[in-house]
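Report on one structure; see the data block that follows.
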Amino acid sequence: MKDFKYELIHKDAKSEARLGKLNVFGKIVETPVFMPVGTQATVKFLSPEEIKAIGSSIILSNTYHLWLRPGEKVVKAAGGLHKFMNYDGPILTDSGGFQVFSLADARKIKEEGVTFKSHLDGSTLFLSPEKSIEIQMDLHSDIAMSFDECIPFPSSYEYTKRSTERTLRWAKRGKDVHTLDDQALFGIVQGGAYRDLREWCAKELAEMDFDGYSIGGTSVGEDKATMYTMIEDAIRYLPKDKPRYLMGVGAVNDLLNGIERGVDMFDCVLPTRIARHGTLMTSQGRLNIKKNIYATDFTPVDPECDCECCKNYTKAYINHLFRAKEGLGMRLMSIHNLRFLIKIMEGARKAIKEDRFLEYKEEILKKFPFDERGF
RNA sequence: GGAGAGGUAGCGAAGUGGCUAAACGCGGCUGACUGUAAAUCAGCUCCCUACGGGUUCGGCAGUUCGAAUCUGCCCCUCUCCA
């Protein structure tokens with residue numbers, strides 16, 4: 001019997017927003033939750049201690065990248081991913097399915113699996129649904145993902161249908177080889193932007209009885225309205241007693257719109273990536289710390305923020321760190337952006353509890369002067 | 001005082017008669033970034049009333065149809081010798 005359980009604490013009265021508690025083999029994750037991404041067994045620039053300090057309760061890592069380097073056997077020999085990276089909180093691993101999408105130039109998809117060209121040395125590699133699960137079992141993450149194909153937008157109905165059918169077969173194949181009792185396995189809803197395919201895929205997956213369900217194939221070029229519809233179409237037939245995870249989404253408006261539609265988990269590279277590139281999400285809107293005007297601005301990044309960066313350092317100092325290419329700048333910015341999103345999630349959970357999620361969403365969207373991109 | 005080397009856009013540095021408003025790098029400015037090939041990538045960076053015009057390559061004067069590139073003089077810098 002797996003000790004993995006989603007408990008619905010409270011559903012918002014006026015929306016599909018859900019306050020929940022995810023028991024990940026004894027480690028509790030309150031949902032809705034935002035998960036920082038640590039692709040290569042590290043949330044870039046942050047130590048596990050810092051990740052926890054910002055209020056993060058679960059992080060992501062990646063099958064494809066760890067398979068290539070250092071190799072899943074090395075991680076296994078280390079005693080698993082948690083020991084390897086010295087992080088004892090819950091870890092979710094993506095299956096490598098996204099790399100089918102992002103490394104599209106260097107791959108070939110067949111029924112059996114996907115032939116990749118390594119982005120490291122160009123060597124030819126083969127990843128199948130079984131192999132992906134085997135690697136994830138060696139990594140020993142808490143939550144594994146089914147191996148899927150993340151298709152681009154737009155894609156033809158024909159292709160989307162064929163790909164989604166294959167993704168379902170892959171989900172089944174992966175599930176059949178998954179044997180760990182202390183690792184959950186999620187299925188991933190694809191179906192592109194076609195309602196019937198999304199709904200059908202969700203129903204099929206629900207029937208296979210996964211520990212949780214991901215919504216994949218969003219934020220790949222479609223507009224916001226389409227994306228929100230895709231989420232609704234995926235969630236409609238997903239079981240209410242299992243967690244729903246919207247993959248790769250992290251803009252503020254997307255998080256709120258996802259929660260409103262019943263999403264429990266999110267992950268995104270956005271906050272950490274744009275932080276490294278000099279962009280901050282703040283209560284004053286988007287801010288590029290590299291700009292000249294901040295060179296002599298001795299105020300905090302975000303006066304309303306309680307993170308290590310905002311409590312202790314000034315814009316001028318971080319501007320200097322960026323110009324000097326000092327890593328501390330990227331680290332402080334990453335801490336801030338993650339804390340910013342996590343705080344929004346904390347607020348969302350509180351609002352759901354009080355049956356005022358929609359008001360909260362409006363409040364946030366009105367308060368933060370971001371553009372339609374949501375950051 | 002003598003002998004060499006050299007002065008190119010914010011800096012470094014190519015270029016040595018037309019294809020040069022001048023490579024490239026740095027710096028500077030702007031933009032992008034959503035299950036991370038990303039401390040990355042793209043554009044701009046002499047001036048202007050800008051699909052055109054104006055002034056540039058230490059200074060001045062020449063040679064030439066045409067000069068950053070050739071000649072003369074001058075100014076300045078560096079190295080070596082006295």
Side-chain angles (χ1 to χ4, degrees), chain A residues 34-46 59-66 68-69 92-107 116-122 125 132 141 143-151 153 186 188-190 213-224 227 231 245-255 257-258 263 265-281 286 288-293 295 318-319 321-334 337 341 370-375:
Chain A
F34 178 80
M35 308 182 281
V37 181
T39 302
Q40 308 206 64
T42 168
V43 176
K44 294 183 192 292
F45 282 93
L46 304 198
I59 63 169
L60 224 73
S61 197
N62 184 279
T63 301
Y64 169 78
H65 288 279
L66 295 180
L68 262 61
R69 184 171 55 192
L92 181 155
T93 40
D94 186 25
S95 61
F98 185 70
Q99 279 63 45
V100 170
F101 168 77
S102 64
L103 302 173
D105 292 342
R107 56 111 221 252
F116 285 86
K117 271 213 183 298
S118 160
H119 71 283
L120 296 177
D121 62 8
L125 301 160
S132 172
S141 54
I143 304 174
M145 287 293 123
S146 294
F147 187 64
D148 67 329
E149 181 191 353
C150 179
I151 53 178
F153 179 90
F186 281 25
I188 304 178
V189 182
Q190 287 292 338
Y213 299 89
S214 305
I215 301 161
T218 64
S219 211
V220 288
E222 78 282 9
D223 58 79
K224 299 275 186 189
M227 176 174 143
I231 296 169
Y245 159 33
L246 178 58
M247 308 183 82
V249 167
V252 175
N253 52 3
D254 295 341
L255 294 175
N257 278 295
V263 175
M265 306 161 73
F266 303 84
D267 81 283
C268 199
V269 304
L270 191 67
T272 42
R273 179 181 290 167
I274 65 175
R276 270 175 278 122
H277 296 172
T279 302
L280 287 153
M281 297 188 265
R286 182 172 40 215
N288 181 349
I289 200 66
K290 293 188 280 192
K291 280 181 184 288
N292 204 240
I293 44 171
I318 299 170
N319 171 278
L321 293 177
F322 261 81
R323 287 182 193 275
K325 296 183 174 27
E326 285 291 345
L328 178 61
M330 293 187 218
R331 186 176 129 223
L332 293 172
M333 298 259 298
S334 297
N337 277 352
L341 290 188
F370 297 131
D371 60 25
E372 66 286 350
R373 283 175 296 174
F375 63 92

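Naming: A, B, ... by sequence-line order, numbering from 1 per chain.
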Name the nucleic acid region contacted by [X], choosing base, sugar-phosphate or nothing; use a 4.0 angstrom heavy-atom cut-off, strictly under.
X        : answer
A:Gly250 : base
A:Lys117 : nothing
A:Arg373 : base
A:Gly38  : nothing

Span that lies between the [atom1] atom of [M] and that of [N], in whole angstrom:
N      : M      : atom1 : result
B:rA42 : B:rG52 : C1'   : 27 Å
B:rG2  : B:rG66 : C1'   : 40 Å
B:rU56 : B:rA61 : P     : 11 Å

### Message
Measuring from the side chain of A:Met330 (C-beta onward, heavy atoms only), which nucleotide among B:rC33, B:rA39, B:rG35 has the closest atom?
### Response
B:rA39

### Message
Can you tell me which nucleotide in B:rG35, B:rC33, B:rU36 comes closest to the side chain of A:Leu60?
### Response
B:rG35

[X] side-chain N/O to [N] phosphate OP1/OP2 under 4.0 Å:
X        : N      : answer
A:Asn292 : B:rC29 : yes
A:Arg323 : B:rC29 : yes
A:Ser102 : B:rA37 : yes
A:Gln99  : B:rA37 : yes
A:Lys44  : B:rU36 : no
A:Lys325 : B:rC26 : no

### Query
Atom CG of A:Leu60 and atom CG of A:Asp267: how far apart are they, to the nearest 0.5 Å?
4.5 Å

### Query
Which comes earlier along RNA chain B counting from the 5' end, the contact point of A:Thr39 or that of A:Lys290, where each point is its nearest nucleotide?
A:Thr39

### Query
Which comes earlier along RNA chain B counting from the 5' end, the contact point of A:Arg273 or that of A:Asp254, where each point is its nearest nucleotide?
A:Asp254

### Task
Quickly work out the A:Gln40 CD to B:rU36 P distance and round it to whole Å.
10 Å

### Task
Round to the nearest Å and state the distance from A:Arg286 atom CZ to B:rC33 atom C1'.
10 Å

### Message
Should A:His277 be counted as stacked on B:rU40, where stacking needs a ring-centre gap under 5.5 Å and an angle between planes under 30 degrees?
### Response
yes

### Query
Would you call the rings of A:His119 and A:Tyr64 parallel, tilted or perpendicular, where under 30° means parallel and over 60° means perpendicular?
tilted

